[in-house]
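I have placed the structure first, in the form of structure tokens, so that the comments after it can refer back to it.
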Protein chains: 2
Amino acid sequence: MVGKERLEKARERVIETIAQNIHLYGLTPSAGRQFGTMYFHDEPMTLDDMTEELGMSKTSMSTSVRALSNVKLVERAWKRGVRKDLYQVTDDWYQSFVDLFSIKWRRSVSLHTNAVRRSLTELEELVKEPDISEELKIEAKADIEKLRYLRDYYDWLDRLVDAFEDQEIFNLVPIKNSSIDK
Amino acid sequence: MVGKERLEKARERVIETIAQNIHLYGLTPSAGRQFGTMYFHDEPMTLDDMTEELGMSKTSMSTSVRALSNVKLVERAWKRGVRKDLYQVTDDWYQSFVDLFSIKWRRSVSLHTNAVRRSLTELEELVKEPDISEELKIEAKADIEKLRYLRDYYDWLDRLVDAFEDQEIFNLVPIKNSSIDK
DNA sequence: TAGTTTGTACAGAAAAAACTGTACAAACAA
DNA sequence: TTGTTTGTACAGTTTTTTCTGTACAAACTA
């Protein structure tokens, strides 16, 4: 096998692994392949570059590059004299992980917290009323307990996201750089 | 609105929010609804209970309860005299989060690490060979740099999963219990 | 033993998601 | 101004996923 092919194969293996795992980021394998391709491409790429490289429609490239941008895996680049939009992979993967974590979970926490708060208020009202059956009251109280547990849980999750965003997580789990040894 | 309905509505709101967010766990909204329903159901449920409660086929209940078990959101229960399989929601949501995190990311890290290691070895072989073009050598060296970066990154991710599994994350972000105050 | 009950494999139907080609607006060039 | 180029909205097609009903094996009952 010639050298160029071996290089290509080494790249493809990693790109395909990214494609098969990017569902953890809520993205499709196609978007993952696009991301992987961009990672090994030294220069920022245009939508047309991607169309050519991946053999897919420009429309697809446009939509998935936006999906990648939304989770901050890809960013706009600029190069003088180039009129087309340019995109490149965000260079700090640790930060990308934190951003992803934050984007995904913060939203979820917010939605849950709202729902739980509203339901909790309603049930706390309910049990106060004098003319409800004893049976219902017991059930409502059990639910209130559960909702308080959820409230605490989502509060924890929120603080967890804080810890990621504030870079505190890197104190607990430091980044090591293996190339320092060389 | 009568009391029972108000209770029901308060539950439904939370269940639906869970359903809409459970994609973060790689599960479908249906599975999320099932999970939510089980959470507010005080007794462990059988597949037939779920079929009735959710108005879906027993086959669906069977497959999604397995999906929920796989990520440890649901576990088998036992009650004397009941022949049907019983399931209930795992009661420690913090642990569930940790388990999910671990299951999902550990697998991803392992796959990536393997791919990166193999490709790295191949490229390190490649650049050693004397009869390859200078151009190719430069490209391969650039890729090697990138792969080393990935190796470090996945090593960090692996240690991050360790920190979750070893409960160290709870030192950084402690669980608070709001009901203690009352 | 034979007769139920229970859970799931499997094939097909229904629903959802991904992808493409066309069309067009916005930005730029001349 | 008119003529290009570029990115994306949108409708329709293809592919994938989810859901259902049937069939059947394993476990239990009598």
Side-chain angles (χ1 to χ4, degrees), chain A residues 15-16 18-38 41 43-71 73-88 104, chain B residues 15-16 18-38 41 43-71 73-88 104:
Chain A
I15 292 173
E16 201 50 34
I18 293 172
Q20 297 308 320
N21 283 279
I22 202 125
H23 65 270
L24 291 168
Y25 288 67
L27 298 169
T28 62
S30 289
R33 224 162 277 124
Q34 202 170 348
F35 174 76
T37 305
M38 289 171 79
H41 206 272
E43 295 293 304
M45 296 177 82
T46 67
L47 292 179
D48 289 318
D49 292 338
M50 299 175 204
T51 294
E52 179 156 4
E53 190 87 26
L54 296 161
M56 288 177 71
S57 74
K58 198 173 174 181
T59 305
S60 286
M61 296 302 98
S62 173
T63 51
S64 44
V65 96
R66 183 156 47 187
L68 287 163
S69 303
N70 284 341
V71 288
L73 286 177
V74 155
E75 61 190 10
R76 291 286 288 273
W78 187 86
K79 221 166 101 182
R80 59 170 298 155
V82 178
R83 217 174 66 183
K84 299 180 183 184
D85 292 357
L86 286 168
Y87 299 94
Q88 66 191 3
K104 295 279 175 196
Chain B
I15 291 174
E16 201 50 35
I18 293 173
Q20 298 307 322
N21 282 279
I22 202 126
H23 66 269
L24 291 168
Y25 288 67
L27 298 169
T28 61
S30 289
R33 226 162 275 124
Q34 202 170 349
F35 174 77
T37 305
M38 290 171 79
H41 206 273
E43 296 293 305
M45 295 176 84
T46 67
L47 292 179
D48 290 317
D49 292 339
M50 299 175 204
T51 293
E52 180 156 3
E53 190 86 28
L54 296 162
M56 288 179 70
S57 75
K58 197 173 175 181
T59 305
S60 285
M61 296 302 98
S62 173
T63 51
S64 45
V65 96
R66 183 156 47 188
L68 287 163
S69 302
N70 284 341
V71 287
L73 287 176
V74 155
E75 61 190 9
R76 291 287 286 273
W78 186 86
K79 220 167 103 182
R80 58 172 297 156
V82 179
R83 216 173 68 178
K84 299 180 182 182
D85 292 356
L86 286 168
Y87 299 94
Q88 66 191 2
K104 295 281 175 196

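What you see below is based on every heavy atom in this structure, not just the backbone, and it leaves out hydrogens, waters and symmetry mates. Naming convention: chains lettered A, B, ... in sequence-line order (proteins, then strands); numbering from 1 in each chain.
Residues meeting the side chain to side chain contact (heavy atoms under 4.5 Å, CB included) test with B:Asp48, sequence neighbours left out: B:Thr46, B:Lys58, B:Lys84. Evaluation of the side chain to side chain contact (heavy atoms under 4.5 Å, CB included) rule for B:Asn21 yields A:Ser108, A:Leu111, A:His112, B:Thr17 as partners, not counting sequence neighbours. In this structure, A:Tyr87 has no ring pair (Phe, Tyr, Trp, His ring centres under 6.0 Å) partners at least two apart in sequence or on a different chain. The salt bridge (charged side-chain N to carboxylate O under 4.0 Å, His left out) check on A:Glu53 picks up nothing, with sequence neighbours excluded.
Look at OH on A:Tyr87: it is 10 Å from C1' on D:dT8, rounded to the nearest Å. For the pair B:His23 NE2 and C:dA17 P, the interatomic distance rounds to 12 Å; values are reported in whole Å. Atom CG of A:Leu54 is separated from atom C1' of C:dA18 by 15 Å (rounded to the nearest Å). Remark: P of D:dT5 and CG of A:Asp85 are 16 Å apart, rounded to the nearest angstrom. Between the P atom of D:dC10 and the CZ atom of A:Arg66 lies a distance of 11 Å, rounded to the nearest Å. Atom CG of A:Asp48 is separated from atom P of D:dT5 by 11 Å (rounded to the nearest Å). Summarising the geometry, the separation between NZ on A:Lys84 and C1' on D:dT5 is reported as 9 Å, rounded to the nearest angstrom.
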Under 3.5 Å, which donor-acceptor pairs link side chains of residues 74-82 of chain A to any protein atom two or more places apart or in another chain?
residue, atom, partner, partner atom, Å
A:Glu75, OE2, A:Gln88, NE2, 3.2
A:Arg76, NH2, A:Asp85, OD1, 3.3
A:Lys79, NZ, A:Glu43, OE1, 3.2

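Taking every side-chain heavy atom of A:Ser62 into account, D:dT8 is the closest of C:dG7, C:dT8, D:dT8.
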field: Sequence-aligned protein contact record of nucleotides 15-27 of chain D, with B where the base is within under 4.0 Å of a protein heavy atom and S where only the sugar-phosphate is
entry: ---SSBBB-----

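The closest side-chain heavy-atom distance from A:Thr37 to A:Met50 is not below 4.5 Å.
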